There are 2 protein chains.
Amino acid sequence: MVKVPNRRQDSRQGSDTPKLEDVAARAGVSTATVSRCLNNPAVVSDATRKKVLDAVRAMGYAPNFGAQALAARRTNTFGAIVPTMENAIFARGLQAFQEALRQQGITLLVASSSYSPELEEQQIHSLVARGADALLLIGHDRPPKCYSFLQKRQVPYVIAWVYDGDEGRVSIGFDNRKAMKSLADAVLDRGHRRLALITADRRNNDRARQRSQGLVDAMTARGLDPETLAVVETAYSIANGAQALEQLMHTTPRPTAVMCGNDVLAAGALTQARKMGLDVPGDLSITGFDDIEIAEIVTPALTTVHVPHRNMGKGAASLLFAMRAGEDPGPSVELEATVILRDSLGPAPDRAP
Amino acid sequence: MVKVPNRRQDSRQGSDTPKLEDVAARAGVSTATVSRCLNNPAVVSDATRKKVLDAVRAMGYAPNFGAQALAARRTNTFGAIVPTMENAIFARGLQAFQEALRQQGITLLVASSSYSPELEEQQIHSLVARGADALLLIGHDRPPKCYSFLQKRQVPYVIAWVYDGDEGRVSIGFDNRKAMKSLADAVLDRGHRRLALITADRRNNDRARQRSQGLVDAMTARGLDPETLAVVETAYSIANGAQALEQLMHTTPRPTAVMCGNDVLAAGALTQARKMGLDVPGDLSITGFDDIEIAEIVTPALTTVHVPHRNMGKGAASLLFAMRAGEDPGPSVELEATVILRDSLGPAPDRAP
DNA sequence: TTGTACGCGTTATCAG
DNA sequence: CTGATAACGCGTACAA
């Protein structure tokens, strides 16, 4: 069979994407030199570099991703899988992560798992198959095979949004349990004794579990029976928060404070409480978690926990850079989360003047 | 030089990613057959197909993306560039878009341009370089070279979130100008005559420009002088909405209704108004645009324009499928946006009883 | 400092 | 229906 090299399928006209070879021809050098100019400019002479870069610009050359990935065995792409993109919980963190990556010339691929372990596993495979050089994951909760897969494929990853000693994995985040305990302490300090919790499904969500546990910790520390805590588990959404609150208001004894697993649920709960004619915080106190923008604009503003969104994103990027470079990323990083007191938390009603 | 085929750099142990060849060996067939099993199962015999697929499963084989892209000249990846991911404006639409793509086995890459034309151009290049088969863009406003680039590269694209006759480009969306005029009509119907507008920067944002124009249309239609409209231009954010409102409240004559370019600005404005001790809608009416979740939970709930988020996403996917298949996508699609009346809009104060 | 040439893992064509 | 094998476009030892 005869070779027909380098003739475009369609030699008629300009559906063309210039390739390295074209640039090389125009600049009067070899493809190797062009490649070097782009990837390792230091080793080529000033004169040729200029010549080549001019040609590159003139032709609007951009490397073919597939070819590059195939040859370099590296994509300069990191992946992130977050449970949701429908609200702002992870938005700020991702933004910071992305900014840090961009500075290193790395592209971010974001996928969302909709809080489904199966979907997340699929996304992990997909991102790795697409050549992600490293991965950002949220929380520890996922099937062990996910971890063995990543290890087998030698893909570095970091667990964000949690810090809990070490699970043998590099993580960066805050102590969800401790943070919720602090918030619960603030609630208990105000005399509340009948508490309720609206939380996300705790089965596949270690953050939710830890937050829940933090509340129990606080109660136990004061000699309260955790069994008296009313709990509603539901998916994160404003509507669900509202529905959960309604449900809780029909329980006896009625709670005087409803703590929510995040601000989205809390916003829904708050809206519903007011819709039911309750005064917040006069009749009922409500707290959130995460301190996303919504917390400040609802009425009354939400007492919540501010989490270090941006620092988690930035820090995760640093850890992954180190890991990709084959360096030791060091131990997991603990960042601080702080209680933010706003108007949705007040003294317990029966204790008020 | 001697060829050293198919020996892994590291033959020591299992840092391995199985390749087509490995699967072929295990199944006792050629690589071509394995490839066919995966991409065009119909043409291989049942027996071999089973044999091959078993091997694939057993080895956990996943095709190498780069190689696949290089050989097939197709990535099964679509890209979307939205102005922002920091709030929910585009979240629902993107979600729907993604769901539609997934059904066709297509992965979505999302990038955000932060409302910067330069950044957007860069993102377009990046996504195309990464082999995006098609692109979703928001609005028409961008340098012509972006369009010529896409045309030259033969990358299909659709413009979403707008419908304005035809710019010679396929678009799917609603008529921003008409929608805002309807909302403004509702405001004017309630007796408001001193209006203000808080809008995003209109220079690179045709949606913002059209919405602004719609307001002018409504005023003109009633014989009001558009010159009396107080306008503040600012970036979409809650904080900016708040600041803009404060500024407007210091103008004379003070507006009785503040219309906002979107719900995020409106939420900020609303919060600020209440912080300033104003009664909404008693002293001041405020409107938003987009009808994202936040519109329902602020107090009072926002009168706004509901835009067809999900249908735009789904429809955009359909159009792109057709275009990628070389079919004629047909003309641009106009969807309906509807005014949603909620409590933040009331009668003009001086007209109230 | 630059050029030559091979291999990266798939797909697709063509011959059996 | 299956098997060889030539591209696909780039990176990079190795040679010059």
Side-chain angles (χ1 to χ4, degrees), chain A residues 1-10 15-25 27-52 56 59 61-76 128-131 153, chain B residues 1-10 15-25 27-52 56 59 61-76 128-131 153:
Chain A
M1 185 190 302
V2 186
K3 269 221 230 171
V4 186
N6 194 30
R7 170 112 52 93
R8 294 251 154 58
Q9 255 118 320
D10 183 346
S15 155
D16 56 351
T17 303
K19 42 159 74 169
L20 213 54
E21 200 178 307
D22 302 327
V23 178
V29 299
S30 75
T31 59
T33 299
V34 178
S35 175
R36 277 189 289 255
C37 277
L38 265 27
N39 301 308
N40 196 4
V43 306
V44 337
S45 77
D46 286 8
T48 43
R49 182 172 48 228
K50 179 175 175 350
K51 223 169 30 183
V52 170
V56 164
M59 311 185 69
Y61 169 79
N64 176 293
F65 178 74
Q68 202 168 28
L70 188 54
R73 311 162 135 272
R74 195 161 51 78
T75 58
N76 289 323
V128 169
R130 302 183 73 74
R153 287 296 223 277
Chain B
M1 185 191 302
V2 186
K3 270 220 224 173
V4 185
N6 195 29
R7 170 113 51 93
R8 295 253 154 57
Q9 256 117 318
D10 182 348
S15 153
D16 58 348
T17 303
K19 41 159 74 169
L20 212 54
E21 197 178 310
D22 301 327
V23 178
V29 299
S30 74
T31 59
T33 298
V34 178
S35 176
R36 274 189 291 256
C37 277
L38 265 25
N39 301 309
N40 196 5
V43 305
V44 335
S45 76
D46 286 8
T48 43
R49 184 175 43 231
K50 181 178 175 345
K51 220 169 32 180
V52 170
V56 165
M59 312 185 68
Y61 169 79
N64 176 294
F65 179 74
Q68 206 166 24
L70 187 56
R73 310 161 132 274
R74 192 161 48 76
T75 58
N76 290 322
V128 169
R130 302 185 71 76
R153 287 294 224 275

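The figures that follow rest on heavy atoms only: side chains count, while hydrogens, waters and symmetry mates do not. Just so it is clear, the structure is predicted and the values come from calculations on it, not from any experiment.
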Checklist entry - At how many degrees, to 10°, do the end axes of the helix from C:dT1-D:dA16 to C:dG16-D:dC1 meet when each uses five pairs? => result 30°

Next on the checklist: Between B:Lys19 and B:Asp22, does any NZ, NE, NH1 or NH2 come within less than 4.0 Å of an OD or OE carboxylate oxygen?
Outcome noted: no

Checklist entry - C:dT11 phosphate, OP1 or OP2: any side-chain N/O from B:Gln68 under 4.0 angstrom? => result yes

Checklist entry - Taking atom types as they are modelled, is there a donor-acceptor pair under 3.5 Å from the base of C:dG7 to the side chain of A:Arg73? => result no

Item to check | Between D:dA4 (C1') and B:Arg36 (CZ): distance, integer Å | outcome: 10 Å

Checklist entry - Looking only at side-chain N and O atoms, does A:Thr48 come under 4.0 Å of OP1 or OP2 in C:dT2? => result yes

Checklist outcome for this item: Whole-Å distance, A:Arg74 CZ to C:dC8 P, equals 18 Å

Item to check | A:Val44 side chain reached by A:Lys51 side chain, heavy atoms, under 4.5 Å | outcome: no

Next on the checklist: In whole Å, I'd like the distance from the CZ atom of A:Phe65 to the P atom of C:dC8.
Outcome noted: 19 Å

Next on the checklist: C:dT2, OP1 or OP2 - any side-chain N/O from A:Thr33 closer than 4.0 Å?
Outcome noted: no

Checklist entry - Is there a donor-acceptor pair closer than 3.5 Å between any side-chain N or O of A:Arg49 and the backbone N or O of A:Pro41? => result yes

Checklist entry - Could you give the CG-to-C1' distance, from A:Asn40 to D:dC10, as a whole number of Å? => result 15 Å

Next on the checklist: Please confirm whether the shortest side-chain N or O distance from A:Asn39 to OP1 or OP2 of D:dG11 is below 4.0 Å.
Outcome noted: yes

